[in-house]
Amino acid sequence: MGNFTNYKIIERGEGWVELCFDQPDSKANVFTEAALKELDAVTSELSQRKDIKGLVVTSAKSDIFIAGADINLIKGLNTLEEAFQGCSAGQQAIHRFSKLPFEKVAAISGACLGGGFELSLACNKRVTSDAKSVKIGLPEVMLGILPGFGGSVRLPRLVPLPTALDMILTGKQVDGVRAYKMGMVDAYLPQQDFNVRALAWAKANAGKPTRRVHTFMNKLMESAILRPVIFSQARKQVMKQSKGKYPAPLKILDLLADIHGLDLEEALRREAKAFSVVAVTPISKRLIELFQLSESVKKTNGVGPEVKARKVERAGVLGAGVMGGGIAWAFANKDIPVRMKDLNWDAVGLGLQQAGENFGFQLKKKRMTKNQFMGKMGQISGTLDFQGFKTLDVVVEAVVENMDVKKKVLQEYENYVSDSCIFASNTSSLSITEMQSVAKRPENVAGFHFFNPVSRMPLIEVIAGQKSSPETVATLFELAKKLGKTPIVVKDGPGFLVNRLLLPYMNEAMFVLCEGVSVERIDKVMLDFGMPMGPMRLVDEVGIDVGAKVAKILNNAFGARAEASPLSDVVVKSGRLGKKNGKGFYLYENGKQLGVDDSIVNLIPNRSNRAANLTDGELVQRMIYPMINEAALALQEGVVKTPGEVDLGMIMGTGFPPFRGGLLRFADSESPQRVVDALEKFSQAGAGERLRPNNALKEFARRGSFY
Ligand SMILES: NC(=O)c1ccc[n+]([C@@H]2O[C@H](COP(=O)([O-])OP(=O)(O)OC[C@H]3O[C@@H](n4cnc5c(N)ncnc54)[C@H](O)[C@@H]3O)[C@@H](O)[C@H]2O)c1
């Protein structure tokens, strides 16, 4: 038998062998170029053996079966030819393996993603387990590509078309039970002694047909009449979600329609061709960089390897409002018991209700059972005093946004908790350093800024005040990851990072409105740019009063460059607070948007027509470039350390379009000098100090890029 670096062939008796993937010096199994080449060598060797009746593919890694293809391989593909050849090489290695003349069963325990799932699909059968680590999926679309190792061809041949489309178009990852229900695996076994069970199962079921969940309805949907309907629905859904900005899902739809009924070899050739077209797009490169950025966060603790984060096993939340209820949900969702304190039982009840609604949504979507729902809700307990706080590791403060109240709450809290308990403030604008000034143990105080709604927004800013200890920051950073969020460490300062950059955008939209551009056009231009919501809608969502308050805080802190639009105060005075009271730049009924409130133009102070003739491109510059200007300063001041953190923050915290790679990737694609020139022009045309390019931006322009 040959000796392989990445694989072990282990004899299992009665003509069965185990092919165990065990990449050396790595926590994960990944299809590198070498691992794929070696798979070919393994296939050649196994094909020589006449004694083999069956084979089980296993992994030697505890939580990972195969995590997918090496992402740097994909990132390095630059020409169509290179991408086609690269894709075909991997695809064919798996295809040749699939043709080995005996039963092959993938024993999936742990993450089985992308190329890993594609290898499994090339086996005759798949078994998986109830391990929490099992995640099965084809996430390629999130990287702007499509499954190119046979997954786009084989999955639709295994499961009903709607299931295959759902998996490939959304990149979703499912656990073992769901994979079984969806028909993607043949059996679902206990994790205990999984490999032994998988082998026994494989032997017992050898030669039996592959399991299929094609019901009568499914068969009907596969019919020539219904297939086009399914594709057209899927296309509508894609256009609704991505507005056609992402080429990969559209290419996937074309490919799946194109290869239906073709012989396998031809279908695989077309898959590789379609892969090559999307793999070389700049959008794919940006999505890959973004993925690598968020993966790199997972490998750090936000401070440094010399600092050890403390364990967080019990948590508390002060204030059971909009944010408090959501934060309690986030803890309970990860099985961290949480005490939630407010001033009266009605408020506690509202917090519980808020958390319950989030779990209710998961229940409705069948992502949890009733028992699990009860178990999760049981993790949250309410209180009006500090009973039970002595054993807590972290308490998140989410009371009203008022420094005096927060200081009082902090001082009171310190009497009831252990000396090591961390006070994590969810403030969106108040100084952490100032809060620390009244604390007995300021080293345990830091910011922990969630975004609204907590259940959907992936970012948490971990704010280090002047006296926050590195251990406190590292503990909150690790906690954010445990909650399933993406943390960035941010220096204390007005608006921290995300609000500091977002405010100039919303503020500028209001100036543009005062200069003769309609609410509809402003929002449309920014939606077309790729923002998830137009800025005027966003102001309504945030609350016009809340936005005005934060704008004033930034204006006081930064002076003329953060000049606040006079419009918001006038609009608030007229009784329009935004969506929450049904009246803002738009009108709402029961939370549903009815259309723009036309009377709002009559409120505009110093109305002019100055911006009315700007092109759509210039309007984008007017609203996006001020964010870039401010980001340059924030970087220079060390609010965050790298342009990557700015981009991660803006994408995860505001929904800045991922296909643009983030605010500063976008700035680089425009060229920072172009940003300087345009801002100079706007500044001279009337905006003055507010849009003047700052020296930090000019320095980046001299260097040529942010990255
Ligand atoms: N709403 C948002 O979009 C958002 C986003 C990020 C951060 N934040 C921040 O989160 C914090 C809370 O905001 P919210 O929108 O949830 O406010 P909210 O008004 O909905 O809730 C505040 C809760 O705190 C309670 N409270 C007041 N004093 C208390 C005390 N001494 N002890 C215990 N509870 C007390 C109130 O009864 C209320 O239930 C603020 O600092 C805010 O700036 C809000």
Side-chain angles (χ1 to χ4, degrees), residues 316-330 338-355 357-358 380 382-389 392 395-417 423-432 434-435 438 445-463 480 485 490 494-500 502-503 506 533 538-554 577-580 649 652-655:
V317 176
L318 299 173
V322 175
M323 296 304 286
I327 295 165
W329 165 84
V338 53
R339 298 281 284 157
M340 184 164 55
K341 176 188 175 310
D342 207 301
L343 298 174
N344 55 62
W345 285 113
D346 282 349
V348 172
L350 281 177
L352 284 169
Q353 192 184 331
Q354 168 93 22
E357 277 169 19
N358 287 337
I380 311 175
T383 176
L384 300 188
D385 53 29
F386 285 94
Q387 214 182 26
F389 271 56
L392 304 185
V395 172
V396 180
E397 169 281 304
V399 304
V400 283
E401 187 74 343
N402 176 305
M403 182 55 93
D404 290 339
V405 175
K406 293 204 191 263
K407 281 181 177 169
K408 241 177 88 195
V409 166
L410 167 55
Q411 285 175 312
E412 197 189 356
Y413 142 100
E414 282 194 318
N415 297 322
Y416 296 95
V417 294
F423 183 88
S425 174
N426 183 47
T427 177
S428 8
S429 59
L430 301 173
S431 162
I432 300 299
E434 191 180 336
M435 277 180 221
V438 301
V445 177
F448 201 49
H449 185 209
F450 287 82
F451 289 74
N452 188 13
V454 175
S455 60
R456 276 197 278 134
M457 298 302 283
L459 186 72
I460 295 184
E461 290 179 318
V462 177
I463 299 127
K485 303 287 181 191
V490 182
F496 310 126
L497 176 75
V498 171
N499 286 341
R500 174 174 170 175
L502 190 63
L503 246 290
M506 301 204 286
M533 184 181 280
L538 181 62
V539 174
D540 273 1
E541 286 283 332
V542 171
I544 305 176
D545 52 336
V546 176
K549 197 172 146 193
V550 183
K552 273 194 201 107
I553 292 173
L554 294 184
L577 301 182
K579 191 174 173 185
K580 61 187 166 194
M652 305 278 185
T654 74

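Numbers here are sequence positions counted from 1. One-based numbering, in listed order, for ligands and for the atoms of each.
Where the criterion is an N or O separation shorter than 3.5 Å, residue side chain and backbone included, Val405 fails it with respect to ligand 1. The shortest N or O to N or O distance between Thr427 and ligand 1 is not under 3.5 Å.
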Before giving the answer on side-chain contact (heavy atoms from CB on, under 4.5 Å), spell out for Thr427 and Met435 the whole-Å C-alpha distance, their side-chain angles and the decisive distance to 0.1 Å.
-> CA-CA 11 Å; Thr427 177; Met435 277 180 221; 3.7 Å; yes
Step by step, would you call Glu401 with Val550 a side-chain contact (heavy atoms from CB on, under 4.5 Å)?
-> CA-CA 11 Å; Glu401 187 74 343; Val550 183; over 6 Å; no
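Using a 4.5 Å cut-off on side-chain heavy atoms (C-beta onward), Val462 and Phe448 make contact. Using a 4.5 Å heavy-atom threshold, the side chains of Ile380 and Met340 count as touching. You'll find the side chain of Met457 stays beyond 4.5 Å of the side chain of Lys485, heavy atoms only. Side-chain atoms of Glu397 and Asn426, non-hydrogen and from C-beta on, never get closer than 4.5 Å to each other. Side-chain contact between Glu434 and Lys407 is present, with heavy atoms from C-beta onward closer than 4.5 Å.
If you number the atoms of ligand 1 from 1 as listed, the ones under 4.0 Å from a heavy atom of Leu343 come out as 27 (C), 28 (N), 29 (C), 30 (C), 31 (N), 32 (N), 35 (C). Within ligand 1, counting atoms from 1 as listed, the ones closer than 4.0 Å to a heavy atom of Lys406 are 40 (C), 41 (O). The distance from ligand 1 to the heavy atoms of Val409 drops below 4.0 Å at these ligand atoms: 30 (C), 31 (N). Listed by atom number, the atoms of ligand 1 under 4.0 Å from His449 heavy atoms are 6 (C), 7 (C). For ligand 1 and Gly321, the ligand atoms under 4.0 Å from any heavy atom of the residue are 16 (O), 20 (O), 21 (O), 23 (C), 39 (O).
Listed for the Arg339 side chain is a donor-acceptor partner under 3.5 Å among the backbone atoms of Gln387. Put simply, the side chain of Gln354 never gets that close to the backbone of Gly324: no donor and acceptor are under 3.5 Å apart. At distances below 3.5 Å, not a single donor-acceptor pair connects side-chain atoms of Glu461 with backbone N or O atoms of Phe496.
In this structure, Phe389 and Phe386 have perpendicular ring planes: the angle between them is above 60°, well past the 30° mark.
Under the 4.0 angstrom criterion, atom 17 (O) of ligand 1 counts as lacking any protein heavy-atom contact.
Using 4.0 Å as the threshold, Glu412 has no heavy atom nearer than that to any atom of ligand 1. Lys408 does not count as a contact of ligand 1, since none of its heavy atoms falls under 4.0 Å from the ligand. At a 4.0 Å cut-off, not a single heavy atom of Phe451 sits close enough to ligand 1 to count as contact.
The protein non-hydrogen atom at the shortest distance from atom 19 (O) of ligand 1 is Val400 CG1, 4.1 Å. Annotation: atom 22 (C) of ligand 1 to nearest protein heavy atom, Ala398 O, 3.7 Å. Nearest protein neighbour of atom 6 (C) of ligand 1, counting heavy atoms only, is Phe450 O, 3.3 Å. Protein heavy atom nearest atom 20 (O) of ligand 1, with residue, atom name and distance: Val322 N, 3.1 Å. The single protein non-hydrogen atom nearest to atom 8 (N) of ligand 1 is Ser428 OG, 3.5 Å, given as residue, atom name and distance. With hydrogens left out, the protein atom closest to atom 3 (O) of ligand 1 is Asn452 ND2, 3.1 Å, a heavy atom. In this structure, atom 9 (C) of ligand 1 lies nearest to the protein heavy atom Asn426 O, 3.3 Å.
More than 12 heavy atoms of other residues, nucleotides or ligands shown are found within 6.0 angstrom of CD on Gln411.
For the residues Asp342, Val399, Val317, the heavy atom positioned nearest atom 40 (C) of ligand 1 is part of Val399. In this comparison of Met323, Glu401, Lys341, the heavy atom closest to atom 32 (N) of ligand 1 sits on Lys341.
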